[in-house]
Enquirer: 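Following this message is one structure expressed as structure tokens.
Small disclaimer: the values here were computed from a predicted structure and weren't measured. For ligands, and for the atoms within them, numbers begin at 1 and follow the listed sequence.
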Amino acid sequence: MRHDVDLPDLAAMERFGAAIAARLRPGDVVALSGGLGAGKTTLARGVIAALGHSGEVPSPSFAIVELYEPPDVRLPLVHADFYRLTRPAEAAEIGLDDYRQGAALLAEWPEHAGGFAHEPGCLAITLEHTGLGRRAIVEPGSDWLMRVPCP
Ligand SMILES: Nc1ncnc2c1ncn2[C@@H]1O[C@H](COP(=O)(O)OP(=O)(O)O)[C@@H](O)[C@H]1O
Ligand SMILES: [Mg+2]
């Protein structure tokens, strides 16, 4: 099943991020695909803000992994950008499984980590340019079928 969500501006990104955040559970992965500038970090920021975080959200493009913990956010969260990985096995080598214990994962460039679509808790989102705005193509894993964050 596939859902398209129109995201014409930054306010729409924020609302979509909040809809994802409201449904997010430990163990989930939100896999954010799309090229450079597609809006992956922008959507991740919307999720993290709606989970309760009020400070800055650095792009994890350099550190690869940024961690958020309660009480700052509603549930433990890993925000990762796998762009710089050269092999999927590097995700395990940096300790991704340990980071993910009890946490939800927001993953930019999920393909570089081997992909997560085989996990029932994966919400796969592909962002595309449409004029000045964006469109999200949302493909929920089986654990997401009853809580798809689409209007
Ligand atoms: N829905 C949107 N409409 C208009 N501009 C957007 C939208 N989403 C993101 N942007 C803008 O696109 C630029 C790149 O976004 P970013 O989230 O950094 O992309 P990515 O992480 O995919 O490389 C930013 O300047 C951001 O403000
Ligand atoms: Mg980014």
Enquirer: Who are the side chain to side chain contact (heavy atoms under 4.5 Å, CB included) partners of Leu10, not counting sequence neighbours?
Expert: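 Listed in chain order: Thr42.
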Enquirer: Distance check, rounded to the nearest 0.5 Å: Leu43 atom CG versus Met13 atom CE?
Expert: 5.0 Å
Enquirer: What protein N/O/S atoms sit under 2.8 Å from the Mg ion (ligand 2), by chain and number?
Expert: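 Near the Mg ion (ligand 2), the protein supplies Thr41 OG1, Glu108 OE1.
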Enquirer: Under the rule for ring pair (Phe, Tyr, Trp, His ring centres under 6.0 Å), what residues qualify as partners of His112, not counting sequence neighbours?
Expert: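 So His112 forms a ring pair (Phe, Tyr, Trp, His ring centres under 6.0 Å) with Tyr83, Trp109.
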Enquirer: If only side-chain N and O atoms count, and only distance matters, is there a donor-acceptor pair under 3.5 Å linking His3 with Glu139?
Expert: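 Short answer, no.
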Enquirer: CZ/Arg134 to CD/Glu128 distance, rounded to the nearest 0.5 angstrom?
Expert: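 With rounding to 0.5 Å, CZ (Arg134) is 11.0 Å from CD (Glu128).
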Enquirer: What residues come within 4.0 Å of ligand 1, counting heavy atoms only?
Expert: Leu7, Pro8, Asp9, Leu10, Met13, Gly35, Leu36, Gly37, Ala38, Gly39, Lys40, Thr41, Thr42, Glu108, Leu132, Gly133, Arg134
Enquirer: Give, for atom CG of Asp28 and atom CZ of Arg100, the distance between the pair rounded to the nearest 0.5 Å.
Expert: 9.0 Å
Enquirer: Quick one: pull up CG in Leu123 and CG in Leu145 and give me the separation to the nearest 0.5 Å.
Expert: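 Those atoms lie 10.0 Å apart.
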Enquirer: Nearest 0.5 Å please: distance from the OG atom of Ser61 over to the CD atom of Glu108.
Expert: 7.5 Å
Enquirer: Can you give me the closest heavy-atom contact between Leu127 and Ala38, atom names plus distance?
Expert: CB-O, 3.6 Å
